[in-house]
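Notes follow the structure.
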2 protein chains.
Amino acid sequence: MDWEPPVRVGTSVHEHLRAKILTGELPPGARLAVPALAKQLGVSRSPVRDAVLQLVREGLAIEEFNRGAVVYLPPQPALVSLYHAREALEGMAARLAASSISDATLADLDAVLTEHESIDPDDFHRHIDLDARFHRQIRDAAASPVLIRMLEEIQGQVIVAMRSTNLSGGVHRATADHRAILDALTQHDPDAAEAAARNHISRLTGILEQGGEAAQ
Amino acid sequence: MDWEPPVRVGTSVHEHLRAKILTGELPPGARLAVPALAKQLGVSRSPVRDAVLQLVREGLAIEEFNRGAVVYLPPQPALVSLYHAREALEGMAARLAASSISDATLADLDAVLTEHESIDPDDFHRHIDLDARFHRQIRDAAASPVLIRMLEEIQGQVIVAMRSTNLSGGVHRATADHRAILDALTQHDPDAAEAAARNHISRLTGILEQGGEAAQ
DNA sequence: ACATGCAACACTGCATGCAATGTTAGAAAC
DNA sequence: GTTTCTAACATTGCATGCAGTGTTGCATGT
């Protein structure tokens with residue numbers, strides 16, 4: 001019989017902190033002092049230390065020497081680099097997904113996108129959430145474990161960055177791009193899907209390089 | 001004045017173990033028991049534990065419940081996934097490098113490739129080393145921190161996999177592909193560089209999917 | 001010879017102690 | 001009011017203790 005290893009406290013703490021960073025409850029600059037978190041969460045310092053170290057390796061936090069880690073918002077040049085990796089990986093994810101995506105997943109994507117197309121363009125919280133859900137579903141549809149793991153990491157950082165800077169590129173442009181991606185996926189056309197996904201991200205990279213202030 | 005944080009024991013241990021895995025001194029299956037390593041390296045278990053955890057997150061080791069971690073060779077489907085991510089990221093690295101690469105780096109690449117073209121095709125150790133150096137230099141020439149970090153991880157796993165399976169695709173094909181990539185870089189042609197890099201990796205993916213026995 | 005049971009062992013993950021070191025706030029001096 | 005010194009404080013990374021749990025190998029019985 002298969003056996004699932006017991007849940008590790010360190011893993012739970014990591015997920016807990018990661019979630020709080022992604023929702024913005026722990027915004028960039030928030031301190032992640034191990035003793036304080038351990039006391040607050042009612043566990044010892046060891047698992048908390050593991051969790052914080054992992055957040056640092058994920059790029060969601062940065063160490064300030066002998067002062068503990070803080071939630072991290074990469075500076076603009078690092079975001080450009082992040083978006084280059086994102087373009088490559090999301091392109092490949094769309095390519096792979098195009099071949100194998102199921103009708104059920106296509107329907108889910110359409111539901112998310114249709115909702116996205118109808119929201120108040122000023123409702124950034126909802127925009128970020130729907131955007132993340134769309135990209136997450138394509139990522140998972142690619143069904144490629146390494147790709148999924150790397151995109152999880154990138155998309156986490158993207159959410160923090162979107163929340164802190166105006167790099168959405170506008171809700172309408174985003175949903176138009178998403179519609180193009182979904183159309184290509186619906187036609188199971190890998191080349192078109194990759195091109196559409198890369199075009200979407202590379203447009204955002206362009207905005208970023210011009211100062212990240214082009215939203216709306 | 002800038003201050004470089006003191007070297008952490010855990011980091012040294014991680015680099016030490018990583019190097020031993022990449023050289024094959026610790027082959028897939030080798031046990032990474034924390035107490036044993038700590039005793040052998042003359043440090044306590046804490047930094048060794050950190051190092052092993054990081055190796056697991058890097059994909060170079062896998063945990064066997066309550067028996068410690070062992071050096072990991074991903075099964076074939078996971079390698080295909082690894083190569084999909086590799087294709088996307090190496091393609092983007094070549095694209096970025098094409099714009100910014102210096103004449104000095106081009107000369108270095110040519111030196112590595114020229115040496116590679118002249119080796120005994122049966123000298124796999126040297127083939128793996130020269131192959132890794134070529135890809136590493138392009139990766140670094142891309143000068144994109146996120147891309148570099150992710151490709152470091154992928155290329156580490158690739159070295160382990162090459163050492164254990166016949167997926168080089170043949171020394172001559174490899175150097176021919178590399179020559180095409182270097183030509184595109186020399187012409188500072190991003191599209192051609194990306195296409196050549198992706199073509200190189202995707203050919204290897206094909207070999208992998210057909211059973212990984214097509215070397216020579 | 002082979003299966004079974006059991007005791008010794010090994011390893012993990014979490015808790016906690018500790019020395020080193022950076023930070024900070026307040027008192028003291030100017 | 002501003003600067004300087006200093007002492008208390010906080011945090012880190014490493015060391016080590018410990019309970020829980022899986023593994024291993026040997027003795028024992030059939």
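Reminder, nothing fancy here: chain letters follow the sequence lines and each chain counts from 1. Note that the structure is predicted; figures quoted are calculated from it, not measured.
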Distance, rounded to the nearest Å, where [X] contributes [atom1] and [N] contributes [atom2]:
X     : N      : atom1 : atom2 : value
B/I62 : C/dT12 : CD1   : C1'   : 16 Å
B/H14 : D/dG13 : NE2   : C1'   : 17 Å
A/Q40 : D/dA10 : CD    : C1'   : 16 Å
A/E64 : C/dT24 : CD    : P     : 10 Å
A/K39 : D/dC9  : NZ    : P     : 14 Å
A/R45 : D/dC14 : CZ    : P     : 13 Å
B/D50 : D/dT16 : CG    : P     : 16 Å
B/R8  : D/dA15 : CZ    : C1'   : 16 Å

Nucleotide nearest B/V34 when distance is taken to its side chain, options C/dA15, D/dC14, C/dT12: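 Nearest nucleotide to the side chain: C/dT12.
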So which of A/H127, A/R133, A/R126 actually passes side-chain hydrogen bond (donor to acceptor under 3.5 Å, both in side chains) with A/H116?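 Of the listed options, the one satisfying the test is A/H127.
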Hey, which sits more toward the 5' end of DNA chain C by its nearest nucleotide, A/G10 or A/R67?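 Closest to the 5' end, via its nearest nucleotide, is A/G10.
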Nearest-nucleotide 5' precedence on DNA chain C, A/T11 against A/R31: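 Taking each residue's closest nucleotide, the earlier one in sequence belongs to A/T11.
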Determine the interplanar angle of the A/H178 and A/F134 rings, folded into 0 to 90°, and report it as parallel if under 30°, tilted if 30 to 60°, perpendicular if over 60°.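 If you compare the ring of A/H178 with that of A/F134, the planes turn out parallel.
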Carboxylate-amine/guanidinium proximity below 4.0 Å for B/E90 and B/R139: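 Salt bridge: no.
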Salt bridge or not for A/R49 and B/D50, using N-O below 4.0 Å?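 B/D50 and A/R49: salt-bridged.
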Should A/S46 be listed as having a side-chain N or O under 4.0 Å from OP1 or OP2 of C/dC14?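 Looking at the OP1 and OP2 atoms of C/dC14, neither is under 4.0 Å from any side-chain N or O of A/S46.
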So, OP1 or OP2 of C/dG13: does either fall under 4.0 Å of a side-chain N or O from B/R49?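 So the side-chain polar atoms of B/R49 do come within 4.0 Å of the phosphate oxygens OP1 or OP2 of C/dG13, strictly under.
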